[in-house]
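All remarks here apply to the structure that follows.
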Amino acid sequence: MYEGKNTKNMFLTRALEKILADKEVKKAHHSQLRKACEVALDEIKSETENQSPPHEDLRTSSSTLPPVKSKNTFIEADKYFLPFELACQSKCPRIVSTSLDCLQKLIAYGHLTGSAPDSTAPG
C-alpha cells in the first residue's frame, strides 16, 4: 500500500516538474498554470513528509498477490486536477502531452478517483 502511494506521487511529481521546466510555462500568460503546478507540488511534498511507511502485517502481505487497494492509494482527482486541466488548455503540444500522459497513467493504474461533477456537461 505504501508503494502505491509512492507510485502515484512519482507520476504526479514528475509530470508537474516537467510541466514547470518547459520554457512555455515561464511566459507570463501561463502564470496561472505555473502557480497551480507549484501549489500541487507543495501539497504532494507536505503529504509525503507527513507520511511514514506503515508497518506490514505478515498475514496480509503476499509476494504473489497485488497489494490490496485502500483509500491511501487513490488520488482525489478534484485536488490535483487543476494543473492538468490548465496544461491541456495551454495549447502547447509538449505541455498537453505531458499532462495527458500523467492522467492516462493514473487512470490505467487505478490511482484516480473523484466526485466532482463535470462543469462542461449541461444539467
What I'd like to find out is whether the side chain of K105 reaches to under 4.5 Å of the side chain of M10, using heavy atoms alone.
no

For Q32, I'd like to know if atom CD has over 12 heavy atoms of other residues, nucleotides or ligands within 6.0 Å.
no

Salt-bridge contact E24-K91 (side-chain N to carboxylate O under 4.0 Å)
no

Can you tell me how far apart CZ (R34) and CD (E38) are? Round to the nearest 0.5 Å.
7.0 Å

So, for S99 and F84, which heavy atoms are closest and what is the spacing to 0.1 Å?
OG-O, 3.0 Å

Given the rule that I, L, V, M, F, W and Y join up when any side-chain heavy atoms are under 4.5 Å apart, are L100 and I19 in one cluster?
no

Please report the interatomic distance CD1(I44) to CG(L12), rounded to the nearest 0.5 Å.
4.5 Å

For the OG1 atom of T13 and the CG atom of L41, what is their distance to the nearest 0.5 Å?
6.0 Å

With the side chain counted from C-beta on, respond yes when L82 and V39 share a heavy-atom pair under 4.5 Å apart, and no when they do not.
no

Check against side-chain contact (heavy atoms from CB on, under 4.5 Å), Y80 and L106:
CA-CA 12 Å; Y80 297 112; L106 292 172; over 6 Å; no

Find out whether H30 and S90 are in side-chain contact, i.e. whether some heavy atom of one side chain is under 4.5 Å from a heavy atom of the other.
yes

Just so I know, are the side chains of F11 and L16 near enough to count as touching, which here means a heavy-atom distance under 4.5 Å?
no

Approximate separation, where rounding is to 0.5 Å, of E43 CD and T48 OG1:
11.5 Å

Take L33 and L20 through the side-chain contact (heavy atoms from CB on, under 4.5 Å) test and state the conclusion after the steps.
CA-CA 9 Å; L33 171 59; L20 280 173; over 6 Å; no

Can you see which heavy atom on V96 is nearest to which on C88, and at what distance?
CG2-O, 3.6 Å

NZ/K26: more than 12 non-hydrogen atoms of other groups inside 6.0 Å
yes

Check D22 with K18, please: is the shortest side-chain N to carboxylate O separation under 4.0 Å?
no

Measuring only between side-chain heavy atoms, which start at C-beta, is D42 closer than 4.5 Å to S46?
no

Which heavy-atom pair separates P83 from A40 by the least distance, and what is that distance?
CG-CB, 3.9 Å

In the structure I gave you, are the side-chain heavy atoms of S97 and R94 within less than 4.5 Å of one another anywhere?
no

